[in-house]
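Below, read A as the first sequence line, B as the second, and so on, with proteins coming before strands; counting in each chain starts at 1.
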Amino acid sequence: DAKTTQPNSMESNEEEPVHLPCNHSTISGTDYIHWYRQLPSQGPEYVIHGLTSNVNNRMASLAIAEDRKSSTLILHRATLRDAAVYYCIRGALDSNYQLIWGAGTKLIIKP
Amino acid sequence: DAMVIQNPRYQVTQFGKPVTLSCSQTLNHNVMYWYQQKSSQAPKLLFHYYDKDFNNEADTPDNFQSRRPNTSFCFLDIRSPGLGDAAMYLCATSREGRTQHFGDGTRLSIL
């Protein structure tokens, strides 16, 4: 199956780091790994993406396994506003218009 | 702020009565997408426009059509809505298939 695999839900305490895993064992060499998140009653928003190397931006970090069969989205210090569904997505380089969405992980932040 | 705007946020229609959902963007992106999202599921791509070129997903029902009269606007037409078409409809844009920017969606209910 070309889709990614994620846990259905995860819980974390506020102000602690969160590691969201994703498996994509059938990923091809040209597929990017994207993460989007969807807050309640909103459309998805871009978080981060990468191909082979680990990536950092102001929102999060993306750690990609050396064999590229898995990756981890890292929120360094979760806040209540980070409670959302996080989608791990494959994006084919040769078909950049199509994102192959995982089922998403619902992240619950406990105060 | 540049953005993707979907109107209305909530739409109610009757079984079999045609309905049109609208999307506008101020980002001047050349690619526009329509997604369907059912409860607790990931968004599902229906079709996209690359400039004026229309690209339909293989499993998008014939009941769904789209129009893009200019760069800024895109419409989703559902010719004869059935109960199974009740969902959130998301519009997104991107520049050349890169990061997608989503609107907050239109929630469609069928009576």
Ring-face cation contact, B/Phe75 with B/Arg67, 6.0 Å cut, 45° max: yes
Between A/Asp31 and A/Arg68, does any side-chain N to carboxylate O distance fall below 4.0 Å? no
SG proximity flag A/Cys22/A/Cys88, limit 2.5 angstrom: yes
Determine whether the aromatic ring centres of B/Phe102 and B/Tyr35 lie less than 6.0 Å apart. yes
Walk me through whether A/Ser71 and A/Trp35 qualify under side chain to side chain contact (heavy atoms under 4.5 Å, CB included). CA-CA 10 Å; A/Ser71 60; A/Trp35 285 82; 4.0 Å; yes
If you count heavy-atom pairs under 4.5 Å between each of A/Glu45, A/His49, A/Gln38 and chain B, which one has the most? A/Gln38
Can you tell me which of B/Gln37, B/His101, B/Gln41, B/Met88 forms the most heavy-atom pairs within a distance under 4.5 Å of chain A? B/Gln37
Picking from B/Gly103, B/Pro43, B/Ser40, which has the most non-hydrogen pairs under 4.5 angstrom with chain A? B/Pro43
Of A/Gly43, A/Gly104, A/Pro44, A/Ser41, the largest count of non-hydrogen pairs under 4.5 angstrom with chain B goes to A/Pro44
Using non-hydrogen atoms only, which part of B/Arg107 is less than 4.5 Å away from chain A: side chain, backbone, both, or neither? neither
